[in-house]
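Heads up, the thing below is written out as structure tokens.
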Number of protein chains: 2
Amino acid sequence: MDSSRRSFTRESAEHRREALIRATLTLIGRKGVQAATVRGIADEAGVTLGLIRHYFDGKDDLIYAAYQAHMSQLTDATMEGPRQAGEPAAHQLARIVRASLTPPVSSPQAVGLWAGFLNMVQRDPRMAEVHSRTYYDFRDRLQALIAPALEEAGETPTPERLRALAIACNAVIDGLWLEGGALPEAFGPGELVNIGLTSVGAILGLTLNDPGEET
Amino acid sequence: MDSSRRSFTRESAEHRREALIRATLTLIGRKGVQAATVRGIADEAGVTLGLIRHYFDGKDDLIYAAYQAHMSQLTDATMEGPRQAGEPAAHQLARIVRASLTPPVSSPQAVGLWAGFLNMVQRDPRMAEVHSRTYYDFRDRLQALIAPALEEAGETPTPERLRALAIACNAVIDGLWLEGGALPEAFGPGELVNIGLTSVGAILGLTLNDPGEET
DNA sequence: CTTATATTTATACAAACGTATAACAACAAG
DNA sequence: CTTGTTGTTATACGTTTGTATAAATATAAG
């Protein structure tokens, strides 16, 4: 007769919300959307399922928060490292390409997670909003770097051409990110980074140098 | 007391399997993986849920069959139209780019569907096998077209360079396909096709002409 | 040390899930 | 017209799902 209750400690709201979000991401990334049940998430976070409703309006609300957290985490990791004073834009562009195509940004977990969320986009308008905001945000940042990189090479593109270049560079980075994450064993070490740098360079008509490992 | 049974007609095994697969794809594409329940699928196919177990080993088996069907359908629609005798390889390459970036290949349904399946890839080895087979198949077909296209332009690439070019072209097509399908309102009509042709051309160092609408 | 608060656990509940099985009926064969 | 086969429906079963609510206890306040 074990009538003892499970012991627990009180935590701050922010800490608990974060733990539940992380547990959700871990589960979806490891076992897919179907594994992200309230009980599974609570287990992974080390709490009982009632807490989810205490900190979120419901499961959907938690999923939504997790999607936002994952995407901003992904963007942050990609854009890591601010542009140094006097650093050529082309150099920072190369750093972004490298960060996008190496772990942890490009990994089976990150891609699986992203795919699971993308499948929800067409059903839930709030999820769709996160998707479109994330896309535009990344593409705009890319465009804001492509413009000066071209200027450094002596070219001043029209707005239409600049837009097309940003869309194209975004697409090739996304495609390589996706394939490297979903099929990691298909590519040699550094292969995708090299291909990414070469391809973005070819599209822009520039030569991008491998920025090397971040320290 | 309505004790009448629902009337039905017998169908061939192939016809029924196809109907169940199509219903599964419709549901996942419209409402996400979570909506693809045995009852929902049976409803969509106009039968009762028992039939699923009659034609498939279980729900997972149906999902697997649906994934295979969707991917081969996608590949077929992309590669539609065999190469004409004497047609330049570059021309067929352009046709593939156009087909990849216009409906029905690039559409919210197709992309949502693909994302839902991709999320299952890391959990189920059979799904992973379909994913990797589909990827290699498409990339190999691309590579088999890139080689003669370069030769037509007087270039004979090394195997390493040919591989890198195929990976890069595949990636930019995939990326544009993805973004056009997931965010259709973000691009003007024909915009993605133009960007795709320009980008693939820039990567290969060729000029690809818009093949125009298929008749 | 007491008391109050609200975080956390525990339990309950209806609905929906995938699967199993029995009953029915459409169609072919004779 | 009768019979046999099996595609199909109908129903039931145990499990899991998300949510709701009551009970308990960790912690801060007095």
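All chains are named by letter (A, B, ...) in the order of the sequence lines, taking the proteins before the strands, and each is independently numbered beginning at 1.
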- Task: Determine which pairs satisfy side chain to side chain donor-acceptor pair (under 3.5 Å) with at least one residue from residues 42-54 of chain A, sequence neighbours left out, and list them in order.
- Result: A/R30-A/E44
- Determine to 10° how strongly the helix from C/dC1-D/dG30 to C/dG30-D/dC1 is bent, judged from the axes of its five-pair ends. 10°
- Query: Is it true that B/R95 and B/E87 make a salt bridge, defined as a side-chain N closer than 4.0 Å to a carboxylate O?
  - Reply: yes
- Message: I want to confirm an ordering. Mapping B/G40 and B/T9 to their closest nucleotides on DNA chain C, which one lands closer to the 5' end?
- Response: B/G40
- Query: Want to settle it: does A/Q34 or A/R53 sit nearer the 5' end of DNA chain D, counting the closest nucleotide to each?
  - Reply: A/Q34
- Message: If I take atom CG in residue B/L51 and atom C1' in nucleotide D/dA10, what distance separates them, rounded to the nearest angstrom?
- Response: 12 Å
- Note on the structure: On a heavy-atom basis, the closest approach of A/Q122 and B/Q109 is OE1-CA, 4.5 Å
- Item | Check: B/G181 main-chain N/O paired with B/S107 side-chain donor or acceptor under 3.5 Å | no
- Query: Using a cut-off of 4.0 Å on non-hydrogen atoms, how would the nucleic acid contact of B/T48 be classed: base, sugar-phosphate, or nothing?
  - Reply: base
- Query: What's the CG-C1' distance between B/D43 and D/dT8, to the nearest Å?
  - Reply: 15 Å
- Query: Tell me, do B/I96 and B/S100 make a side-chain contact under 4.5 Å, heavy atoms counted?
  - Reply: yes
- Message: Using the side chain to side chain donor-acceptor pair (under 3.5 Å) criterion, which residues pair with B/Q34? Sequence neighbours excluded.
- Response: none
- Heavy atoms of A/C169 and A/I203 approach each other most closely as SG-CG2, 4.2 Å
- Note on the structure: Sorted by chain and residue number, the salt bridge (Lys or Arg N to Asp or Glu O under 4.0 Å) partners of B/R39 (sequence neighbours excluded) come out as none
- What is the distance from CD1 of B/I52 to C1' of C/dG18, rounded to the nearest Å? 10 Å
- Assign A/S7 to base, sugar-phosphate, or nothing according to its heavy-atom contacts below 4.0 angstrom with the strands shown. nothing
Indicate every side-chain donor-acceptor pair of residues 58-67 of chain A with a distance under 3.5 Å to a residue at least two apart or in another chain.
| residue | atom | partner | partner atom | Å |
| --- | --- | --- | --- | --- |
| A/K59 | NZ | A/A36 | O | 3.1 |
| A/D61 | OD2 | A/D57 | N | 3.2 |

- Task: Please answer whether the main-chain N or O of B/V33 pairs with a side-chain N or O of A/N119 as donor and acceptor at a distance below 3.5 Å.
- Result: yes
- Task: Output every pair passing salt bridge (charged side-chain N to carboxylate O under 4.0 Å, His left out) with a member in residues 101-117 of chain A, not counting sequence neighbours, ordered by first then second residue.
- Result: none
- Return the set of residues passing side chain to side chain donor-acceptor pair (under 3.5 Å) with B/Y135 (not counting sequence neighbours), or none when no residue passes. B/R139
- Return the nearest nucleotide to the side chain of A/R5; candidates are D/dA10, D/dT25, D/dT19. D/dT25
- Round to the nearest Å and state the distance from A/I41 atom CD1 to D/dT17 atom P. 10 Å
- Task: Kindly state each residue pair satisfying salt bridge (charged side-chain N to carboxylate O under 4.0 Å, His left out) with at least one member in residues 7-17 of chain B, sequence neighbours excluded.
- Result: none
- B/F8 CZ - C/dA25 C1' separation (whole Å): 5 Å
- Strand contacts (DNA chain D) in residues 54-66 of chain B, 4.0 angstrom heavy-atom criterion: B/H54, B/Y55
- Task: Give every residue pair that meets the salt bridge (charged side-chain N to carboxylate O under 4.0 Å, His left out) criterion with at least one member in residues 178-198 of chain A, sequence neighbours excluded.
- Result: A/E191-B/R163
Under 3.5 Å, N/O pairs linking protein and nucleotides 11-15 of chain D:
none

- Positions of residues 10-20 of chain A (non-hydrogen atom under 4.0 Å from DNA chain C), listed by number: A/R10, A/E11, A/R16
